[in-house]
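Here, residue 1 is the first one in the sequence, and each next residue gets the next number. Since we're looking at a predicted model, the values are computed, not measured. Below, all heavy atoms of this structure are taken into account, side chains as well, without hydrogens, waters or symmetry copies.
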Amino acid sequence: MTSLFLVLPLFSSVFVSNRHTMADNPHTNTFLKNLAQKKYAWMQTPTATFTQPRTDPAKAEQPKKEDTRPAKKPRPKSMTLPVTAVSPTPLTLTCVAVDTEPTTSPPPSSLSASPPQFPPSSLTALSSSSAPTVPTVPTAIDITTTPTTTPPPLHASLLKKRPVSPMTTLPTPSTDYIQPHPTTHNNTERTKKIQLPRFKYTTFPVRGFNILPTRNITSTFVKSDVTYFPGNKAGAEAIMPNPEEEWQDIIVIHPGSRNLRIGLASEAFPKTVPHVIARRIRSTHAQTRKKINVTLEGKEEAVEELKNELKWRMKSAKRRAVPNAESQVVGFNAQAYQEMIPDHNDPYKVEWTEPTPDSEYFVGEKALNLPMEDNSDYRLFYPWKHGALNNQDHVSLQAVMSDLQTIWTEMIRTELDIEEKDFEDYNAVLVIPDIYPRTYTCELVTFMLRFMKFRGVLVQQESTCATFGAGVSSACVVDIGAQKTSIACIEDGVYLVESRTLISMGGDDITKTFTSLLLANRFPYADIDLERAHDWRLAEELKTKWCTMNEADISIQVYDFFVRVPHAPTKKYQCKVYDEVFLAPLCLFYPSIVNVEEKIAGKVAWVSANVVDDITEEGNPQVPLVTLSSSVQRSKVSTALPKSNATATATETPAAPSSSTPQKSQEHIVYPLDIAIAQSIQIASGPSEERLKRFFTNIILVGGGGMVGNFNRVLEDRLLSTRIAQLNSIEHVEVLPAPRELDSRLLVWKGASVLSKLDIAKELWIGREEWDQVGARCLKDRTLFS
């Protein structure tokens, strides 16, 4: 009681001196009233607040009664903190008594179960005061602090050492509230061991499956043919070839399933190299090599159809078959003559590739000349298969893109003498198939602009390039490649979308069929395995030299061939053949002899069908256009045709397409070539009979799969015998030869080279800036296809 009455004059002087200051603030009294009415003020106040109590001048001299109310208990889970620490929970400060001393600095207050704490407002007032400070301690102060509040530094007077009263015990700073940071040593070690995925050649779709109907969210309001997007405008000089270079800065790339044709637009012919790469596979598991099935088990009926076709054609050509030809061939081949040729006497000796420990891959001829039996840790990869990216042998889309970039970069460097660092000074023309997934096209353009860093890219389709190379404006283009056959009708330089047809058959099927027929007649080299690169090369060579579709050449012939195997001398064999050379190319017209399981086995869907690039494409699903006719239509087969032709043409008449169903193209795994061409022409012609006849007389045959003697004449006869041609009174069918005796395999590349030199190509170049900004939308404005 004594100490309380002694300190009252000091309180009165401070209250009087601060009376005018508090009177000037009209909000102080209102704030104190509201604060007193709030029962849970410590839960609502975000920061510490310290205010002076109201002082009345009339009652300042009256003695103040002692506060007998019990002190507020601290929160059960509150922690005791030092003065400089910030408490994570609000604390309650209660003043019980004040002990005065004649010094200029006030004595420490006796606190109940809490360390001395000073709110920021009081500390600021103390630090700014120049006169000796006299503390004004209210009877009860509620102080709440938040963990984010950092108190200002204490005043110098509060940091002085002062004698501590026996009644006052300052608590020692507690460190219980300090939570040690969990160690991350183990996590760091675990993170180092984890191999993070590499996202090269990876794109992420923006949209997923469309929930809303397309008709409610698409519009053609104020729609024009001109679109605007950031980046280089069409025809900008930054992405165009340099006119002073005279097309020497344009690289034309035509990828294929077996070969890659690449060259400068200023050159007359491209460089043809194998489109293959041999990579070292570091795996602990033994690699299982696939075996290509070349047997004719279960295909006796298909072989009989081929022989009936040959008999009918021999009879029409007034040719007589050789009696007992098969027995003569089998008897000779069973006792075939073999001869060993030393390496120094072999003019076509193969230089086999010898890998080093640092060799990770080989491309082109070096990959094919790599002995796979001695190097089991290597494996051959063909990134292009059946006219699209290889989704059977590669595990992901990124793996295919990596192989493509490696092959193309290496071939440009070795064949064209252009270093990778100089790619940014060159433009590239990419030739793609007529029916090609849009996602694959976008991926190819992305890695050519972003990773190969070409200055500009122009994308064009094979059929259109073939017409540019042949110098015609309207034609039916039949491209027989190694593993696919595409058909498209071109009208005035623009292909008709509905006429596109894709068949997963080509020259490789002729090679496999020819090998099967040779093995059935006791081929001397019985150990031939088409999975081995050198044996496949031998089969391709024999097909090119021996196969023919000229009836006059069908007789028993004796041929010599050479077998070159790694680390072994060259062997010379003699072999007799008869009708195998004619029956093998007929597999394109009788696909029942082709092994379909190998074409569809192991395919992986890399692109989800629910992900689309543009909202306008969602309502147009691709459906097969060709449907089987009714049984009544099948029975109306011309009796003038042989039995084999009747079987082939029984299903060629398509049903009338429904006008309500959007139809774009036809895709088949196997399908008769002549029927597919006739159907494509019929669909492209529509009701116009004049256009139908024009397409039948303007057929362009390109690609290496059809390079068999007299193949064009046989194709013309097969087209004339189709039901579509007979119903429309087609009397003449003509397959145009390549102009100026140009190789039909180079016709597409030559057309792409011509296209890059035209004025229209100035608006078709795509640069990296606009491709990164817009993406696939560039294909709509800067390509000649939809």
Tell me if a side-chain donor or acceptor on Lys385 pairs with a main-chain N or O of Asp393 at a distance below 3.5 Å. no

Whether the Asp535 and Tyr525 side chains hold a donor-acceptor pair (N or O, under 3.5 Å, no angle test) is what I'd like checked. yes

Other residues, nucleotides, ligands: >12 heavy atoms within 6.0 Å of Glu300 CD: yes

Apply the test side-chain contact (heavy atoms from CB on, under 4.5 Å) to residues Thr513 and Ile593: give CA-CA distance (whole Å), side-chain angles for both, the deciding distance (0.1 Å), then the verdict. CA-CA 8 Å; Thr513 305; Ile593 199 174; 4.0 Å; yes

Tell me, yes or no, whether the heavy-atom count around Lys299 atom NZ, taken from other residues, nucleotides or ligands under 6.0 Å, exceeds 12. yes

Within the structure provided, determine whether Ile253 and Arg261 are in side-chain contact (heavy-atom separation under 4.5 Å). no

Within the distance-only criterion (no hydrogens, no angle test), does the side chain of Ser680 pair as donor or acceptor with the backbone N or O of Ala676 below 3.5 angstrom? no

Candidates Ile677, Leu715, Ile700 - the one meeting side-chain contact (heavy atoms from CB on, under 4.5 Å) with Val735: Leu715

Over all heavy atoms of both residues, which pair between Pro383 and His275 is shortest? Give the atoms and the distance, please. CD-O, 3.7 Å

Interatomic distance, Thr467 atom OG1 to Glu462 atom CD [nearest 0.5 angstrom]: 12.0 Å

Polar contact flag, side-chain donor to acceptor under 3.5 angstrom, Arg279-Thr406: yes

Any sub-3.5 Å donor-acceptor pair from Glu580's side-chain atoms to Tyr578's backbone N or O? yes

Side-chain contact, heavy-atom cut-off 4.5 Å: Ile487 with Val477? no

Validation row: Met411, Val363 side chains within 4.5 angstrom (heavy atoms): yes

Does Asp377 come within less than 4.0 Å of Arg280, counting only side-chain N to carboxylate O? yes

After noting the C-alpha distance and the side-chain angles of Glu598 and Lys512, does the key distance pass the salt bridge (charged side-chain N to carboxylate O under 4.0 Å, His left out) rule? CA-CA 12 Å; Glu598 293 181 357; Lys512 296 175 183 178; 3.4 Å; yes

Are Tyr671 and Pro591 packed together at the side-chain level, in the sense that at least one heavy-atom pair is separated by less than 4.5 angstrom? no

Looking at Lys576, is its backbone amide N or carbonyl O close enough to the side chain of Asn333 to form a donor-acceptor pair, meaning the two atoms are under 3.5 Å apart? yes

Can you list the steps and then say if Leu306 with Leu310 is a side-chain contact (heavy atoms from CB on, under 4.5 Å)? CA-CA 6 Å; Leu306 299 180; Leu310 176 60; over 6 Å; no

Look at the aromatic rings of Phe561 and Phe523 and report parallel, tilted or perpendicular, splitting at 30° and 60°. parallel

If only atom types and distance count, is the side chain of Ser359 paired as donor or acceptor with the main-chain N or O of Tyr361 below 3.5 Å? no

Sidechain-backbone polar pair: Asp717 side chain, Val714 backbone, donor-acceptor under 3.5 Å: no

So Gln460 and Cys465, side-chain contact (heavy atoms from CB on, under 4.5 Å) or not? Walk me through it. CA-CA 7 Å; Gln460 191 49 261; Cys465 293; 3.5 Å; yes

Please answer whether the main-chain N or O of Glu540 pairs with a side-chain N or O of Thr544 as donor and acceptor at a distance below 3.5 Å. yes

Output the distance between atom CG (Asn308) and atom OH (Tyr590), rounded to the nearest 0.5 Å. 8.0 Å

Thr511 side chain to Gly507 main-chain N or O, any donor-acceptor pair under 3.5 Å? yes

Measuring only between side-chain heavy atoms, which start at C-beta, is Trp384 closer than 4.5 Å to Leu260? no

Lys307 vs Glu326, salt bridge (charged side-chain N to carboxylate O under 4.0 Å, His left out): CA-CA, chis, key distance, verdict: CA-CA 12 Å; Lys307 294 183 177 181; Glu326 292 185 4; 2.8 Å; yes

Does atom NZ (Lys599) have a neighbourhood of more than 12 heavy atoms from anything else shown, all under 6.0 Å? yes

Scanning both residues in full, the closest heavy-atom pair of Met505 with Leu588 reads CE-CA, 3.7 Å

Taking all atoms of both residues into account, what is the closest heavy-atom pair of Ile556 and Val322, and its distance? CD1-CG1, 4.0 Å

Atom NZ of Lys366 with >12 non-hydrogen neighbours under 6.0 angstrom: no

Check: Trp352 main-chain N/O paired with Asn369 side-chain donor or acceptor under 3.5 Å: no

To the nearest 0.5 angstrom, please state how far the CG atom of Asp579 sits from the CG atom of Leu517. 7.5 Å

Locate the shortest heavy-atom distance separating Thr570 from Phe562; write the atom from each residue and the value. CG2-CB, 4.1 Å

How close do Met340 and Pro569 get, counting heavy atoms only, and between which atoms? CE-CG, 3.2 Å

Asp434 and Gln461 side chains, donor-acceptor separation under 3.5 Å: no

If you draw a 6.0 Å radius around OH in Tyr559, do more than 12 non-hydrogen atoms from other residues or ligands fall strictly inside? yes

Using 4.0 Å as the upper bound for N to carboxylate O, is an ion pair formed by Glu551 and Arg319? no

With a 4.5 Å limit on heavy-atom distance, are the side chains of Gln574 and Phe332 in contact? yes

Please determine whether side-chain contact (heavy atoms from CB on, under 4.5 Å) holds for the pair Ser592 and Glu305, giving the CA-CA distance in whole Å, both sets of side-chain angles, and the decisive distance to 0.1 Å. CA-CA 9 Å; Ser592 56; Glu305 288 183 354; 3.9 Å; yes

Just verifying a value: how many Å separate Gln335 CD and Arg522 CZ, rounded to the nearest 0.5 Å? 9.5 Å

Measure the shortest side-chain to side-chain distance between Ile681 and Phe696 over non-hydrogen atoms and say whether it is less than 4.5 angstrom. yes

Distance in Å, Arg532 CZ paired with Glu373 CD, rounded so as to fall on 0.5 Å steps: 5.5 Å

Verdict with reasoning, Tyr382 to Arg258, per side-chain hydrogen bond (donor to acceptor under 3.5 Å, both in side chains): CA-CA 8 Å; Tyr382 289 87; Arg258 287 288 175 180; 3.2 Å; yes

What are the two closest non-hydrogen atoms of Gly703 and Arg745, and how far apart are they? C-CG, 3.7 Å

With a 4.5 Å heavy-atom cut-off, do Leu397 and Tyr440 have their side chains touching? yes

Just verifying a value: how many Å separate Ile600 CD1 and His386 NE2, rounded to the nearest 0.5 Å? 10.0 Å

Which one of Lys545, Lys543, Arg537 satisfies the side-chain hydrogen bond (donor to acceptor under 3.5 Å, both in side chains) criterion with Glu541? Lys545

